[in-house]
Amino acid sequence: MGVSYGFEVGRLPVPVAYSPDGAVLAVGSEDGGVLICDTATGLPVRTLQGHRGRVYAVRFDAASHQLVTGASDLTVRLWDADHGDVRHVIEGVFDGWVWPILTDGSRGRLVVGDAAGVVRLYDTRTGRLRHEWTGHAPPIWGTSFSPDGRRLVVVDSAGVVRGWDVASGALVFEVREPEVVYRVVHTPDGQSLVAVGQHGRVWIRRAADGALLRQPRGHEADVYALDVHPDGHLMATGDTHGALRLWEVATGRPVRVLGRQRGAIYSVRFNGDGSLLASAASDGAIHLWDTADGQPRHELTRHRGSVWPLVWRPDQAQVASSSNDGTTRMWDARTGQLQHTLRGHGRRVTTLSFRDDGAVLATCGNDGVVRLWEPRTGRLVRQLVSPADRLVSAVFCPGEPLLAAPSGDGGVHLWNTDTGIDERELNVDTDHVWAAAFSPDGDALATANDDDTVRLWYRRTGRHFATLTPHRGRVRAVAFSPDGETIATGCDDRLVRLWDAATASCRLTLEQHTDRVYAVAFNAEGTLLASASNDGTAVVWDAGTGERRTVLTEHTGRLWSCAFSPNGNLLATAGDDLTIRLWDPGTGRLHGTLAAHTRRVWSVAFSPDSSLLASAGDDGTVRLWDVADPEHGQLRTTLIGLPEGWAAVSPDGRYKLDGDPGGQFWHVIGTCRFEVGELDPYLTQVRRLAVDAPF
């Protein structure tokens, strides 16, 4: 289906929802935040923090005036729709996932399924459990409330359709289809159930007892997309071969085929009066169709990834789409014009690298751009953009103003950071480069590739000269020892390996971690090696013998990064728990904890003089910390790079910016939105600095 993050076929996230009055749009993102945006301007209002995993279900509940969100952290949260305060958290009861999530907004009911085949019904006003229905075959594909709210219908992977009485919790009917049923919807009059499933199957059943009424035929592939016209006379279905069809509900007769799209159709949605039908597909295209004559009104083509289920604003003048490309877009339904693109959704900064003179910091994230910052002033110096593809990480070459930046097409670009010239591209011939590292003399470059290998290249000629194999999984981290004689790798198979750089042979295999290893780093003397893992621990090893020295266990959640300070006094670790911890690498004693990021921390790096630590995370920010005194580390500057411009903010209120980043300037550092300069007359400490002024 082209949907990442482990979503299986047919189980599509629904991470966007309009408020009942249409004034705001809520957007759940992969980092656990929920972004609230003004639908007229597209500007962020606030970010709701609390989930520790990807938010893939977002719904407003009008009865309780709450926003309901479900996430991969196995929690459901109910938020005050006006102020964003958490009213209820439902946790500790779900198995595997919370999905599907359905609200009966006018009656204050919430339905949540899980991987054990249990469906639970909650009261949204109190958060209390009303019924628990077991026995469904996971995954549970669809749920639907009857229009009068008396029944809940559930369909599962065994093709069983069950009707439950909401008041008593009793089973009303149970019927079995010969194929898996993916979607189920009540007709507006409550008389019929419409369902779609595998191998092109479409069913119309009586809602009272589940009796089969009609079985329309015409689709030739699996059907995931289904919606019923607001007046109940038509239904729309779409299949994975791109066929979009309209049917007459009363007779099951086909009305028309609305063309054939190039990609698999993931969702269809009628607008409020049924005059338009929106369809979304795996090729990133959205079509708006006139339901009266079946003609296409508009084709919306800006997305670069699979489009998930669309939502209409209650006034029908706007439609919102969310995609696998990490953006949410708001469109004018009358003209088909793109109104707003929300890049705050899912923005992350994943890699950091200081130049060896400390004058430049390179950062890169999921927007495909490498940004070069001046740490002393917080000024953005230059942006590196590949015309061919997105850049996915960045690492400086020792002794030269050269930066290696792997790209999404399997190449590695070598940029001169003084001139901004792309000097050479290495063809790594892989789908993805997960990590890269230069040898200490800068002559060799190691790339960790999607084929579970590490390849070594001559940097000046681009010639491949060695391969480190075997690894039993993707290699997420690679590092050279300071003398260049040893290469460390961290892998999905939970192992850390030490390789002889001259012979490309494995010298030691280090076993301790119970999950994938995402970071490895040598200290400046080459005597110690640190590794950080998704198991939540960091380990300090003797780099010569492979003996385990210290296991650091104080973090909660996965770890993504670790780094030694150049003077050898500190080891920094960071991950899901939003904190950076500073350790004595020799004893394992915790020196201090740095907290400011509002979402997962992906990367940490020390400046060459060890006085400054840079960190980057899922909140889209880079933070610079003074760590000369690790017991009392202080945040110095927050750096924000956006397509529209950049900004730098100090904790005491001083700021600088260039371009027009105001639309997403404040929410990325965890505050409500203010226009640039709006606070300056009222708060004396809030003042704008010249771009080249030091912080």
Side-chain angles (χ1 to χ4, degrees), residues 14-28 34 36 46 48 50-51 55-71 74-94 97-114 118-134 136 140 142-155 162-172 184-190 193 207 228 230 269 272 309 311-315:
V14 189
V16 293
Y18 282 101
S19 60
D21 61 5
V24 299
L25 180 75
V27 182
V34 181
I36 308 297
R46 64 173 58 88
L48 309 182
H51 285 295
V55 181
Y56 49 71
V58 177
R59 292 181 179 275
F60 277 94
D61 180 68
S64 62
H65 198 62
Q66 293 181 122
L67 176 67
V68 180
T69 58
L74 299 185
T75 69
V76 174
R77 290 177 176 264
L78 288 80
W79 315 76
D80 183 282
D82 290 330
H83 306 292
D85 301 326
V86 177
R87 289 185 179 175
H88 308 289
V89 179
I90 306 172
E91 58 186 342
V93 296
F94 303 113
W97 61 68
V98 289
W99 193 90
I101 290 179
L102 177 68
T103 54
D104 185 5
S106 62
R107 299 177 179 87
R109 294 165 179 166
L110 167 67
V111 169
V112 186
D114 71 7
V118 179
V119 176
R120 295 175 174 88
L121 179 69
Y122 293 91
D123 186 307
T124 58
R125 298 176 181 88
T126 64
R128 293 179 180 174
L129 178 68
R130 295 184 57 182
H131 296 297
E132 185 174 281
W133 296 303
T134 61
H136 306 90
I140 300 164
T143 55
S144 177
F145 279 108
S146 62
D148 61 10
R150 296 180 179 178
R151 297 268 179 90
L152 175 72
V153 173
V154 181
V155 296
R162 293 180 176 88
W164 300 94
D165 184 88
V166 170
S168 67
L171 180 66
V172 179
V184 62
V185 178
H186 280 85
T187 55
D189 62 7
L193 290 171
V228 176
R269 291 287 188 275
V311 289
W312 290 90
R313 197 166 68 183
D315 66 2

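Nothing fancy with the numbering, it's 1 onward along the sequence. Fair warning: this is a prediction, and the values are worked out from it, not measured in the lab.
The minimum heavy-atom distance linking A62 with P20 is given by the pair CB-CG, 4.1 Å. For the pair Y122 and F94, the tightest heavy-atom approach, listed with the atom from each and the gap, is OH-CZ, 3.8 Å. Nearest approach of G272 to P230, heavy atoms of both residues: O-CG, 3.3 Å. H186 and L193 make their closest contact through NE2-CD2, 3.2 Å (heavy atoms, listed as atom of the first residue, atom of the second, distance). Listed here is the closest heavy atom pair of S19 and P314: O-CG, 3.6 Å. Contact detail for H136 and W164: the closest heavy-atom pair is NE2-NE1, 3.3 Å.
Remark: R109 CZ to S64 OG distance equals 13.0 Å, nearest 0.5 Å. Here CG of L67 is found 11.5 Å from CG of D82. Values are rounded to the nearest 0.5 Å. Rounded to the nearest 0.5 angstrom, I140 CD1 and R162 CZ are separated by 9.0 Å. Considering CZ of R107 and CG of D61, their distance stands at 11.5 Å, rounded to 0.5 Å. Note that OG1 of T124 is 13.0 Å distant from CZ of R59, once rounded to the nearest 0.5 Å. Separation of atoms CZ (R125) and NE2 (H65) is listed at 13.0 Å; rounding is to 0.5 Å.
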With side chain to side chain contact (heavy atoms under 4.5 Å, CB included) as the criterion, how do D315 and Y18 come out once you've worked through the C-alpha distance, each side chain's angles and the decisive distance to 0.1 Å? CA-CA 11 Å; D315 66 2; Y18 282 101; over 6 Å; no
Taking it one step at a time, do V112 and V93 satisfy side chain to side chain contact (heavy atoms under 4.5 Å, CB included)? CA-CA 11 Å; V112 186; V93 296; over 6 Å; no
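Put simply, the side chain of F145 reaches to within 4.5 Å of the side chain of V166, judged on heavy atoms. No side-chain heavy atom of L121 sits under 4.5 Å from any side-chain heavy atom of L152. Residues Y56 and I101 fail the side-chain proximity criterion, which asks for heavy atoms closer than 4.5 Å.
Under 4.0 Å is where a charged nitrogen must lie from a carboxylate oxygen, and between D80 and R87 at least one such pair does.
None of I90, T126, T103 except one satisfies the side-chain contact (heavy atoms from CB on, under 4.5 Å) rule with L78; the exception is I90. None of V58, V76, V86 except one satisfies the side-chain contact (heavy atoms from CB on, under 4.5 Å) rule with T69; the exception is V58.
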